[in-house]
Amino acid sequence: MPRSPAEFADRVVAWFAGAARPLPWRAADVSPWAVLVSEFMLQQTQVARVQPKWEEWMLRWPTPADLAGVPPSEAVRAWDRLGYPRRALWLHRAATEIVERHGGEVPDDLDALLALQGIGPYTARAVAAFAFGARHPVVDTNTRRVLARVVDGRAQAAPPSAARDLAAMSAVLPADPAAARAFNAGAMELGATVCAARLPRCDACPVADLCAWRAAGYPAHHGPKRRTQARFEGSDRQLRGRIMRELRGSHRPVARDELAPLDADAARLDRVLGTLVADGLAVASDDGYALPS
DNA sequence: GTCCCGACGC
DNA sequence: GCGTCCGGAC
């Protein structure tokens, strides 16, 4: 446990002021919509891959109404290979909801944000805090790891639990909204760039002398093992990705027979096509499969 | 091969 | 609480 929560927060805030990467969605003049789009893209995708795609989207669809005004196929196509293309569909749906429910303005209210498609506990608070300056605990996996180490003295965070994670962050969150905002962003940045999962760089850490894990001699994690990631090669996810790539590349329906070479197992191909249709990422017609228009 | 790490649906 | 969902960097 650090000497005091205030000291922990102050150090992170001061460190972040000098160490923050100059990411474009952190610029002072970006819109709430720009922040929201960045958070959608960052949900599962590394910063380096997101950045050029975010620039492209902001030029093309600078407001929610701009995105809501085009068919979802445009969003899915422009999502390109960012992965998890349901996010493109959900972002398009969220834009439509923002136009319909909120007059085209991204809401600043947490519950209104949570009600939008594709926005969960993390993204809602990230938008409220980073776009609007509201004082909410924002907890992603980096922050969970930082708190586990600095505060709890454990190598790894316990499995995510929204209620427990938000309470833990609230306990160390500065009272001042601007400081809270910087601490939220700084804790994530610290976890992403210094307090890394595998190779923490404690020599560069602004709170190394406050860190309970370091003080305890870096005890190894003993507890439930992380679930090992399912194999990607040969997975449904890989096949879905390959099918989506074909659909993105075609401006007319793609016949099932044209997709058959993607997988030798006809039954599996049909089952996976079914999941894409169920997700709304593909539409079936007599001519084959296409992106949702 | 391993890691990345949020939302959703059950 | 637990399984599913991409694709690229390492």
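For clarity, every value in this text was computed on a predicted model and none was experimentally measured. Naming: A, B, ... by sequence-line order, numbering from 1 per chain.
- The residues A:Arg93 and A:Glu97 are annotated as not salt-bridged, no charged nitrogen and carboxylate oxygen being separated by less than 4.0 angstrom.
- Nucleotide C:dG7 holds its P atom 12 Å from the CH2 atom of A:Trp79, rounded to whole Å.
- Residue contacts shown for A:Pro85 are limited to sugar-phosphate atoms, with no base heavy atom under 4.0 Å away.
- The distance from the CD1 atom of A:Ile243 to the OG1 atom of A:Thr275 is 7.5 Å, given to the nearest 0.5 Å.
- Taking atom CZ of A:Arg125 as the reference point, atom P of B:dG6 lies 13 Å away to the nearest angstrom.
- The one candidate from A:Arg248, A:Met41, A:Glu74 that meets the side chain to side chain contact (heavy atoms under 4.5 Å, CB included) condition with A:Trp79 is A:Met41.
- Ion pairing between A:Lys53 and A:Glu56 holds under the 4.0 Å rule for side-chain N and carboxylate O.
- Within the 4.0 angstrom heavy-atom criterion, no nucleotide atom of any strand lies near A:Arg87.
- Distances shorter than 4.0 Å separate some side-chain N or O of A:Thr123 from OP1 or OP2 on B:dA7.
- Regarding A:Leu89, its CG atom lies at a distance of 14 Å from the C1' atom of B:dA7, rounded to whole Å.
- Between A:Gln43 atom CD and B:dC5 atom P the separation is 13 Å, expressed in whole Å.
- When the P atom is used for both B:dA7 and C:dG8, the distance is 23 Å, rounded to whole Å.
- A:Val146 places none of its side-chain heavy atoms less than 4.5 Å from the side chain of A:Val12.
- Look at A:Arg49 and you won't find any side-chain N or O under 4.0 angstrom from OP1 or OP2 of C:dA9.
- Salt bridge annotation for A:Arg242-A:Asp263: absent, with no cationic side-chain nitrogen under 4.0 angstrom from a carboxylate oxygen.
- The side chain of A:Arg144 lies closest to B:dG6 when the candidates are B:dG6, C:dG8, B:dC3.
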With both pairing distances under 3.5 angstrom for Watson-Crick or G-U wobble, and | for a partner in another strand, the correct string for DNA chain C is |||||.||||
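- With sequence neighbours excluded, the residues forming a side-chain contact (heavy atoms from CB on, under 4.5 Å) with A:Tyr289 are A:Leu247, A:Arg256, A:Leu259, A:Leu273, A:Val277, A:Ala284, listed by chain and number.
- If you take CG of A:Asp279 and C1' of C:dT4, they are 10 Å apart, rounded to a whole angstrom.
- Across the interface with DNA chain B, nearest-nucleotide mapping of A:Asn142 and A:Arg231 shows A:Arg231 to be the residue nearer the 5′ end.
- Of the candidate nucleotides C:dG8, B:dG6, C:dC5, B:dG6 has the atom lying nearest to any side-chain atom of A:Gln44.
- With contacts defined as side-chain heavy-atom distances shorter than 4.5 Å, the pair A:Met169/A:Arg125 does not qualify.
- Relative to the side chain of A:Asp140, the nucleotides B:dG6, C:dC5, B:dC4 differ in distance, and B:dG6 lies closest.
- Here the nucleotide nearest the side chain of A:Arg86, chosen from C:dC5, B:dC5, B:dC4, is C:dC5.
- For the pair A:Met41 CE and B:dG6 P, the computed distance is 17 Å after rounding to whole Å.
- A donor-acceptor pair is defined here as one N or O able to donate and one able to accept, closer than 3.5 Å; such a pair exists between the side chain of A:Asp66 and the backbone of A:Thr63.
- Heavy-atom contacts from other residues, nucleotides or ligands closer than 6.0 Å to CZ of A:Arg245 number 12 or fewer.
- Nearest-nucleotide positions on DNA chain C for A:Ser161 and A:Gly83 put A:Ser161 closer to the 5' end.
- For A:Arg81, the listed nucleotide lying nearest its side chain is C:dG8; candidates were C:dG8, B:dG6, C:dC5.
- Remark: P of B:dG9 and OH of A:Tyr84 are 16 Å apart, rounded to the nearest angstrom.
- Rounded to whole Å, atom C1' of C:dT4 lies 15 Å from atom CG of A:Leu239.
- Within residues 113-122 of chain A, the residues having any heavy atom under 4.0 Å from DNA chain B are, by residue number, A:Gln117, A:Gly118, A:Ile119, A:Gly120, A:Pro121, A:Tyr122.
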